[in-house]
There are 2 protein chains.
Amino acid sequence: MNEKFFDLKSEKQDKMINASLHLFADNGYKHASTDDIVREAGISKGLLFHYFINKQGLYSFLIDYSVRYLLYEYDRTVGEETDYFAFFDKLESAKLNVLRNYPYMYKFIDRAMAETDPDIKAISNPELERYHLAVESYKNKLSTPNLRSAITLAQLETLIKHTVSGLTSEQLKSGRPDPDALNIEISSYISLLKTLSTVS
Amino acid sequence: MNEKFFDLKSEKQDKMINASLHLFADNGYKHASTDDIVREAGISKGLLFHYFINKQGLYSFLIDYSVRYLLYEYDRTVGEETDYFAFFDKLESAKLNVLRNYPYMYKFIDRAMAETDPDIKAISNPELERYHLAVESYKNKLSTPNLRSAITLAQLETLIKHTVSGLTSEQLKSGRPDPDALNIEISSYISLLKTLSTVS
DNA sequence: TTTGGAATTGTCCACATTGGTCAATATATG
DNA sequence: CATATATTGACCAATGTGGACAATTCCAAA
């Protein structure tokens with residue numbers, strides 16, 4: 001890519017990034033058209049190719065940028081938190097901050113995992129792996145909560161994971177998401193699960 | 001559509017249906033190509049148009065067929081069950097039966113809800129509405145479980161809904177799904193949530 | 001004001017893909 | 001055999017594709 005891209009004012013950068021994330025997320029690599037991206041970003045075709053050389057270069061940049069951004073945001077927000085429930089609370093709050101700036105970043109990453117084209121997989125796999133490993137390493141540092149005998153730690157984590165991602169994607173579908181309201185809702189479910197699953 | 005379609009042996013019908021569900025689910029109406037559908041179904045282009053007239057006709061048939069099939073399967077499996085947890089257990093087992101025959105039917109319905117083209121919305125909206133209403137009417141007949149004071153009925157339902165759909169879509173992504181194993185897993189989570197949320 | 005390099009445009013193009021048609025052929029049935 | 005029906009796949013006009021590039025706008029320094 002052309003590094004001059006980062007000299008643009010960040011508002012314009014983000015318009016290009018968000019339009020690209022959106023169309024790749026919704027349509028996959030093959031069916032996301034650069035014409036559509038350009039139209040949604042409000043820039044000319046020439047400019048997009050000026051900064052990213054070709055479609056693959058754009059995709060590759062987005063993978064790189066997204067993983068970097070997500071991990072940075074996690075690190076910034078989660079810090080050294082080791083308490084189990086507090087960790088998830090902070091992690092989700094970090095995710096919502098991402099959503100605030102890049103509403104389609106998660107869906108993009110999700111779709112990237114499902115791409116089949118070998119060239120595209122070769123580009124994205126290492127970065128996606130890196131993301132996955134980083135998240136796992138957070139979890140390894142957590143304290144074990146004092147659970148009721150009816151539930152295991154793995155089960156609790158499954159409940160948290162799916163509930164949170166379900167609530168999030170539900171909001172995303174309903175037009176403009178409200179990250180603050182969502183933050184409160186997610187917090188309340190995490191605390192609910194804490195109450196239900198731990199011994200007092 | 002051409003009613004002769006139903007005279008084909010059901011194996012062939014399902015190959016056409018599944019290929020169509022798959023490509024519409026993954027790419028949306030606009031970007032799902034009839035060439036791809038035909039290739040995946042292992043039939044000729046002419047045959048597809050012989051039975052469904054045009055792309056819109058095919059889509060319209062699929063919406064109709066899917067909603068009809070889902071509701072039939074629910075009715076068959078759930079019956080008159082009114083116990084709260086038993087109901088969800090049966091409902092999920094019905095869903096898994098659908099998955100067994102039509103792995104992409106849910107994703108198709110999900111994507112249909114997100115279509116923006118007005119013609120397509122006009123086709124799918126009434127059927128999707130019908131589906132939604134039917135599911136709601138089941139829920140209205142349920143007994144209220146005896147919950148711990150920490151949790152409300154709405155919260156419990158949210159936990160069940162997202163956990164179940166999360167577990168399901170996780171399986172779907174991992175190549176060939178194993179509905180029997182998934183059934184057991186989902187049952188165990190429903191029973192877990194029952195234990196955690198009810199007073200003994 | 002002038003100048004020169006950078007950002008930005010949008011038209012243009014060769015080619016691929018699109019939904020859909022249709023005459024030809026295979027298959028089954030009686 | 002004959003007849004009807006299921007099925008094929010080459011073909012088409014229209015549209016969409018990624019990418020190139022000469023032309024323009026913009027803006028800071030001289």
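Scope of the values below: all heavy atoms of this structure, side chains included, with no hydrogens, waters or symmetry mates. Reminder, nothing fancy here: chain letters follow the sequence lines and each chain counts from 1.
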Please pick, from C/dT8, C/dT9, D/dA6, the nucleotide with the shortest atom-to-atom distance to any side-chain atom of A/Lys12. C/dT8

Report yes if a side-chain nitrogen or oxygen of B/Lys30 is closer than 4.0 Å to either non-bridging phosphate oxygen (OP1 or OP2) of D/dG16; otherwise report no. no

Rounded to whole Å, please give me the gap between NE2 in A/His31 and C1' in C/dA16. 13 Å

Polar side-chain atom of A/Lys55 near backbone of A/Tyr29 as donor-acceptor pair, under 3.5 Å: yes

Where does the angle between the aromatic ring planes of B/Phe61 and B/Phe52 fall among parallel (under 30°), tilted (30 to 60°) and perpendicular (over 60°)? tilted

For C/dT18, take OP1 and OP2 only and decide whether either is under 4.0 Å from a side-chain N or O of B/Ser33. yes

Length of the line joining A/His50:NE2 and C/dT11:P, which is rounded to integer Å: 20 Å

In whole Å, what is the span from the CG atom of A/Leu58 to the P atom of D/dT17? 15 Å

Nucleotide C/dT18, atom P - distance to CG of B/Asp35 in whole Å: 6 Å

Verify salt bridge (Lys or Arg N to Asp or Glu O under 4.0 Å) between A/Glu73 and A/Arg100, making sure each step is shown before the conclusion. CA-CA 12 Å; A/Glu73 199 67 22; A/Arg100 219 180 290 268; over 6 Å; no

B/Lys55 NZ - C/dT17 C1' separation (whole Å): 11 Å

Find the distance A/Ile53:CD1 to D/dC21:C1' and express it as a whole number of Å. 16 Å

Short side-chain to backbone donor-acceptor contact, B/Gln13 and B/Leu8, under 3.5 Å: yes

Mind calculating the distance between CG (B/Leu47) and P (C/dT25) to the nearest angstrom? 18 Å

Is A/Tyr51 touching bases, backbone alone, or none of the nucleic acid, heavy atoms closer than 4.0 Å? sugar-phosphate

Report which part of the nucleic acid A/Phe52 touches: base, sugar-phosphate, or nothing (heavy-atom distance under 4.0 Å, all strands). nothing

So if I take every side-chain heavy atom of A/Ser44 and compare against C/dG20, D/dA6, C/dG10, which nucleotide ends up nearest? C/dG10

Whole Å only: how far is the NZ atom of A/Lys4 from the C1' atom of C/dT8? 14 Å

For A/Thr168 and A/Val164, indicate whether the former's side chain and the latter's backbone hold a donor-acceptor pair under 3.5 Å. yes

Using a distance-only criterion (donor-acceptor N/O pair, under 3.5 Å, no hydrogens), is the base of C/dG20 paired with the side chain of B/Lys45? yes

